[in-house]
Amino acid sequence: MDLLRCSSSRFPAAHPQHPFHTPLRRHFIAVRSSLSLPFTEQKAKYYRELEAAVDVVERACRLCVDVKSSLFSDEDRILEKNDQTPVTIADFGVQALVSLEMNRLFPSIPLVAEEDSSFLRSTNLAGSVVDVVANKATFRDEVTEDSVLKAIDRGGKDACTFGPNPATYWVLDPIDGTRGFVRGVEALYVVALALVVEGQIVLGVMGCPNWDEDYFVNCVTGVQETGNNFSRSGMIMVSHVGCGTWKQRLSDMLTIELPQSWTRCSVDGCQVLKEARFCTPESQKWESFPLSSSFNAKTNSEEIGKGDILLVPACCGSLCKYMMVASGRASVFLLRATTRKVMKKISGYAPAWDHAVGIICVHEAGGKVTDWEGSSIDFAADQVARRTIFPSGGFLVTNHSLHNEILGLISSNSSIN
């Protein structure tokens, strides 16, 4: 396995000397001895990594809930970065918590994550982040302002230099859908962690603290409830290569549950495009997609007529749309990539953390994810930092059955150059 050339200011020099498959430490196992995954260790090569990832994402979700409970009574809890994207104490807190815990357990595996501490260092709010992290960390006494800031920067843009060879690293989106986080209880946001091993996404965990299964049943006529009634108790979704995608109520994660509490996820069985349920980002209107030349979008199934498709509402965050497809709540998720001009050519790009965990969850649930030309998403295209992916046109996420038909419509209705 190729060892990564990482900044000495981010990683102690000794860290690359540790083997990749560092076992979970005994004191950590004692903390969460009741935690069970829906498949055995013998079936999952990265069982211990997934076990740790589930635990830290669950704690990160609790951190978000704690911060959100005081968000609207404490104005200092809401910040705004230079790009005008709202960011909260929870973003920094989640990244610090995940970085601290996973670095302690798997010190040879670097982290690629959304935030760095530069903005936080320019404010007087680092102490607030320390407080929320300490409440969820395994070793509270080790959580200091210095350790938290360094932990955040461990995932930042200057933390690691990757070469062209396949690499192994964690990918974290501390909060996908931050706008939803600050808006209200009905808006969805996701804590997401994935592991990439030599170019392949091998596991993923998504936690959505305010996921409401009933919402997807009631908001659109014809979407029927199946399986457990999760209600607004949140959801955690896990996936491991070759072991499927599974979900469990987030509220169950604090109690001793049998493995049967997990429900296996499957994409829906729709094979007729007109009967499919679509979802798109709030920020992108249906008219901006190539399929709009063939279909109008309606949000009420009772209004669907000839030439219409059903658009399922889902508030905020691209990753919650992946959750919808993986759990069978939607048939198709369409996302147009952000574009920029590179070497006189318009190129689409997106942050790796917005898609890594969603891709494995959909794949393991029986679905398919490609760009608009049908190519797989290449997470090694950004050879230096592994922070950016470059889909042609955008992302097409489907139940697999409809994938080729939609690719054909995209090709016939648009020119991707």
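Residues Leu63 and Val191 fail the side-chain proximity criterion, which asks for heavy atoms closer than 4.5 Å. The closest side-chain heavy-atom distance from Trp170 to Leu203 is below 4.5 Å. The side-chain heavy atoms of Leu193 and Val357, taken from C-beta on, include no pair separated by under 4.5 Å. Side chains of Thr138 and Arg59 form a contact here, defined as non-hydrogen atoms less than 4.5 Å apart. Side-chain atoms of Ile236 and Val205, non-hydrogen and from C-beta on, do get closer than 4.5 Å to each other. Side chains of Phe39 and Leu50 form a contact here, defined as non-hydrogen atoms less than 4.5 Å apart. Side-chain atoms of Val98 and Pro174, non-hydrogen and from C-beta on, never get closer than 4.5 Å to each other. Contact of the Glu41 side chain with the Arg48 side chain is registered, since non-hydrogen atoms from C-beta on lie closer than 4.5 Å.
Taking every heavy atom of both residues into account, Ala134 and Val143 meet most closely at N-CG1, 3.9 Å. Nearest approach of Ala356 to Ala194, heavy atoms of both residues: CB-CB, 4.1 Å. Closest heavy-atom contact between Cys208 and Leu188: SG-CD2, 4.0 Å. Across every non-hydrogen atom of Lys157 and Asp116, the tightest pair is CE-OD2, 4.1 Å. Arg154 and Pro110 get closest at one heavy-atom pair: NH2-CA, 3.8 Å. Gln383 approaches Pro164 most closely through the heavy-atom pair OE1-CB, 3.5 Å.
The 12-atom threshold is not exceeded at CD of Gln271, counting heavy atoms of other residues, nucleotides or ligands nearer than 6.0 Å.
Looking at Arg277, its side chain never comes within 3.5 Å of a backbone N or O of Leu310 through a donor-acceptor pair. Listed for the Glu114 side chain is no donor-acceptor partner under 3.5 Å among the backbone atoms of Asp173. In terms of modelled atom types and a separation under 3.5 Å, the side chain of Asp382 and the main chain of Arg387 share a donor-acceptor contact. With hydrogens and angles disregarded, no donor-acceptor distance shorter than 3.5 Å links the side chain of Asp55 to the backbone of Glu51. The backbone N or O of Phe390 sits nowhere less than 3.5 Å from a side-chain atom of Asp378 that would complete a donor-acceptor pair. Remark: side-chain polar atoms of Lys321 are not paired, donor with acceptor, to backbone N or O of Pro281 under 3.5 angstrom. A distance-only check finds a donor-acceptor pair linking the side chain of Gln284 to the backbone of Arg336 [under 3.5 Å]. Ser327 places a side-chain N or O within 3.5 Å of a backbone atom of Met323 that can act as its donor or acceptor partner. Put simply, the side chain of Trp262 gets close to the backbone of Ser36: a donor and an acceptor are under 3.5 Å apart. Remark: side-chain polar atoms of Ser375 are not paired, donor with acceptor, to backbone N or O of Asp371 under 3.5 angstrom.
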After noting the C-alpha distance and the side-chain angles of Arg62 and Asp66, does the key distance pass the salt bridge (Lys or Arg N to Asp or Glu O under 4.0 Å) rule? CA-CA 6 Å; Arg62 302 297 172 190; Asp66 289 349; over 6 Å; no
Please determine whether ring pair (Phe, Tyr, Trp, His ring centres under 6.0 Å) holds for the pair Phe162 and Tyr169, giving the CA-CA distance in whole Å, both sets of side-chain angles, and the decisive distance to 0.1 Å. CA-CA 10 Å; Phe162 294 83; Tyr169 51 94; 5.3 Å; yes
Applying side chain to side chain donor-acceptor pair (under 3.5 Å) to Asp268 and Ser331, what does each step give before you reach the verdict? CA-CA 6 Å; Asp268 75 8; Ser331 313; 2.4 Å; yes
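With sequence neighbours left out, His403 forms a side chain to side chain contact (heavy atoms under 4.5 Å, CB included) with Lys368, Thr370, Leu396, Thr398, Leu407. Ser266 pairs by the side chain to side chain contact (heavy atoms under 4.5 Å, CB included) definition with nothing, not counting sequence neighbours. For Ser99, the side chain to side chain donor-acceptor pair (under 3.5 Å) test picks out no residue, with sequence neighbours left out.
With rounding to the nearest 0.5 Å, the separation of CG in Asn404 from CG in Leu409 is 11.5 Å. Once rounded to the nearest 0.5 Å, the distance linking CG of Asn210 with NZ of Lys68 reads 7.0 Å. Within the model, atoms CD of Glu364 and CE of Met237 stand 12.5 Å from one another, a figure rounded to the nearest 0.5 Å. Put simply, OG1 on Thr280 and CZ on Phe333 are 8.0 Å apart, with the number rounded to the nearest 0.5 Å.
Side-chain rings of Tyr322 and His355 approach one another, their centers coming within less than 6.0 Å.
The aromatic rings of Trp372 and Phe289 sit tilted relative to each other, their planes meeting at an angle between 30° and 60°.
For the side chain to side chain contact (heavy atoms under 4.5 Å, CB included) with Cys361, the qualifying choice from Thr245, Val238, Val369 is Thr245, the only one to do so.
Side chains of Asp153 and Ser117: a donor-acceptor N/O pair is present below 3.5 angstrom, by distance only.
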